[in-house]
Amino acid sequence: MRTLFKGGTVVSGSGMKRADLLVEGEKITGLGRNLGAEADRIVDVEDCLLFPGFIDAHTHFDLDVCATTTADDFTSGSRAALRGGTTTVIDFACPDRGESLHHGLELWHEKADGRTYCDYGFHMTIDEWNESIRAELPDLFAKGISSFKMYMTYPAMMLGDRELYWALKELRRLGGTVGVHCENAGLIDGMVSERKAFGELSPASHPATRPVIAEAEAVGRLLRIAQAAECPVTIVHLTCGEALKEVERARRRGQKVYVETCPQYLLLDESVYFNPDYSAAARYVCAPPLREKAEQEGLWKALRKGEIQTVSTDHCSFTLAQKDAGREDFTRIPGGLPGVEHRFELLWSYGVVKKRISAAALCRLLAENPAKLYGLFPRKGRLAVGGDADIVVYDPGASHVIRAEDSFSAADYDPYEGFVTAGGIREVWLRGSRQVEGGRLLEEAPRGSFLVRGKCQL
């Protein structure tokens, strides 16, 4: 099947240009002005923008946490992703402490294989370090797992400084990509104990016990450990200027540091936690928490200057009933927000249209950079001959209001309720097959494939 996309504007990490796009089977085979190739079907994309399918490299589907399981599994979560123009997700395979990494990988394949609507890969979470874990790593690379996640907080998952150092040294030797959740666990525990002693158990205590300094200290400490290990690292879901300063210092020392932030830190702020209605406040609990509104402009500036490389969602969804578990104790609120469905439209509407970032920068942040960082480029991340025909057709004139009742996520609320978009996604194509049209999913059967990933190219 030969499909010709005619009359659109192709967006890449280097700019925008009028061009036709020819697709044969699953691949792009032609790109240029006024392509005269014969086609079995012609898709008129006049006045529309053509983006490469987006990559969300930070999702949590079907994850057991806080004595419950996320509302979105790989089926509902990937449907939401695809509807929002995300054609690839990279989720986290999370074995429990004491289990092998291979067991975690097998478990996540059971959760995802045959159930996922977009293409997908896995990061591997490392929550302990020993000779057995180290010995597993080469085979994981052979199975397409080239990126790893570690935590500096959460008792069941965190590594101490010594274990972090050893793990980073070994992953540097193997050429792995390492992402780290940076918060100071001891400081958080101490502040939580103080709040509980005073009986301050509402969601308003959540941001107070996970302050900016807890994140910035952990980022700075990680980067010194990474310096000793001579290992590049990625700071996931960075939220604040103080943490960015630590990254800037490390880069001036010559370290290679990648940074990810999320839409919630660009568009929402901590005022939501002080709503006297418990449900209205608890739905926004995530870690790190939302910050003061003043932090947002610094993040946008860093995006504009290229100091932040990717914007993922950290999609970790729960229903309001699940969030209700913390009504008597804010530490029991399962942390996380839905967001995989609206990331692109939000960043286009409140970033590009408001001239905070360019369309090319947005394409780099959501497609090209994550493809390079996580070993998927050039198959993914750009619209170019030889690449997968993952295509998002965006109509700048199709504005709409984001509402939970219209969303595909299994969460029964939307943190961006009432946000107005500047345009809308008209179509989404996955490897040459039209999967979404006018907000409707066209195929009932999941079509996503597991992606064997290589090493970092960014």
Side-chain angles (χ1 to χ4, degrees), residues 55 57-60 90-106 108 121-154 156-183 185 218-238 246-247 250-251 253-260 309-310 312 314 369-377 451-458:
I55 300 168
H58 196 151
T59 63
H60 296 285
I90 310 179
D91 205 83
F92 294 85
C94 301
D96 292 332
R97 186 166 289 186
E99 296 176 342
S100 71
L101 301 183
H102 281 79
H103 173 78
L105 179 59
E106 290 167 7
W108 251 255
F122 303 130
H123 309 286
M124 177 58 63
T125 297
I126 297 176
D127 57 15
E128 60 183 328
W129 186 253
N130 52 47
E131 178 57 27
S132 177
I133 295 295
R134 188 200 65 76
E136 288 191 80
L137 294 175
D139 189 54
L140 288 178
F141 279 86
K143 294 180 183 298
I145 308 299
S146 56
S147 53
F148 300 83
K149 171 80 172 289
M150 292 178 279
Y151 290 83
M152 299 176 76
T153 188
Y154 303 130
M157 305 177 76
M158 63 183 285
L159 295 181
D161 293 351
R162 180 181 64 174
E163 288 74 24
L164 268 174
Y165 170 70
W166 284 341
L168 289 175
K169 282 197 73 172
E170 183 65 10
L171 288 168
R172 184 257 300 169
R173 185 183 73 82
L174 294 169
T177 301
V178 183
V180 184
H181 178 135
C182 297
E183 291 183 284
V219 169
R221 179 160 42 97
L222 167 71
L223 293 177
R224 285 301 189 180
I225 296 170
Q227 182 185 21
E230 300 180 339
C231 183
V233 290
T234 302
I235 311 299
V236 300
H237 49 48
L238 183 140
E246 297 293 340
V247 172
R251 287 172 173 163
R253 294 193 296 265
Q255 288 181 251
K256 187 173 289 186
V257 186
Y258 306 106
V259 177
E260 166 200 274
Q309 284 67 51
T310 67
S312 303
D314 195 7
N369 285 353
K372 291 178 177 178
L373 180 59
Y374 295 113
L376 290 169
F377 193 81
L451 299 170
V452 172
R453 295 180 293 113
K455 296 180 181 181
C456 175
Q457 301 163 275
L458 185 60

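Below, all heavy atoms of this structure are taken into account, side chains as well, without hydrogens, waters or symmetry copies.
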- Query: Relative to the ring of F141, is the ring of F148 parallel (under 30°), tilted (30 to 60°) or perpendicular (over 60°)?
  - Reply: tilted
- Message: How long is the straight-line distance from CD1 of I133 back to CD of E163, given to the nearest 0.5 Å?
- Response: 12.0 Å
- Item | Donor-acceptor under 3.5 Å (N369 side chain, Q309 main chain) | yes
- Item | Shortest non-hydrogen separation from C231 to L168 and the atoms involved | SG-O, 3.5 Å
- Pick from I126, V233, L159: which one makes a side-chain contact (heavy atoms from CB on, under 4.5 Å) with L164? L159
- Note on the structure: All heavy atoms of R251 vs all of Y258, minimum pair found to be NH2-CA, 4.2 Å
- Item | Approximate separation, where rounding is to 0.5 Å, of L373 CG and R453 CZ | 9.0 Å
- In R221, E183, H181, the residue satisfying side-chain contact (heavy atoms from CB on, under 4.5 Å) with M152 is R221
- Less than 4.5 Å apart, any side-chain heavy atom of V219 and any of L222? no
- Query: Considering only heavy atoms from C-beta outward, does the side chain of R253 approach that of R224 to under 4.5 Å?
  - Reply: yes
- Hey, what do you get for NE2 (H58) to NE2 (H123), rounding to the nearest 0.5 Å? 7.5 Å
- Query: To the nearest 0.5 Å, how far apart are CG in L101 and CD in E136?
  - Reply: 4.0 Å
- Note on the structure: In terms of heavy-atom contacts, F122 and I145 come closest through O-CD1, 3.4 Å
- Message: Which heavy atom of A93 sits nearest to which heavy atom of M124, and what is that distance?
- Response: O-SD, 3.7 Å
- Task: Taking the side chain as every heavy atom from C-beta outward, state whether W166 and E170 have any atom pair closer than 4.5 Å.
- Result: no
- Give the minimum heavy-atom separation between A57 and S312, together with the two atoms involved. N-OG, 3.6 Å
- Item | G220 to E246 - nearest heavy-atom pair and separation | CA-OE1, 3.5 Å
- Message: Would the distance check show the side chain of K455 and the main-chain N or O of L174 forming a donor-acceptor pair, the cut-off being under 3.5 Å?
- Response: yes
- Worked check of side-chain contact (heavy atoms from CB on, under 4.5 Å) between T310 and I55: CA-CA 10 Å; T310 67; I55 300 168; over 6 Å; no
- Query: Roughly how far apart are F377 CZ and C456 SG, rounded to 0.5 Å?
  - Reply: 12.0 Å
- Calculate, to the nearest 0.5 Å, the distance between atoms CD and CD belonging to Q227 and Q255 respectively. 4.5 Å
- Message: Under a 3.5 Å distance rule, please check whether S146 uses its side chain to pair with a backbone N or O of G454 as donor and acceptor.
- Response: yes
- Task: Would you check, one step at a time, whether the test side-chain contact (heavy atoms from CB on, under 4.5 Å) holds for L376 with Q457?
- Result: CA-CA 9 Å; L376 290 169; Q457 301 163 275; over 6 Å; no
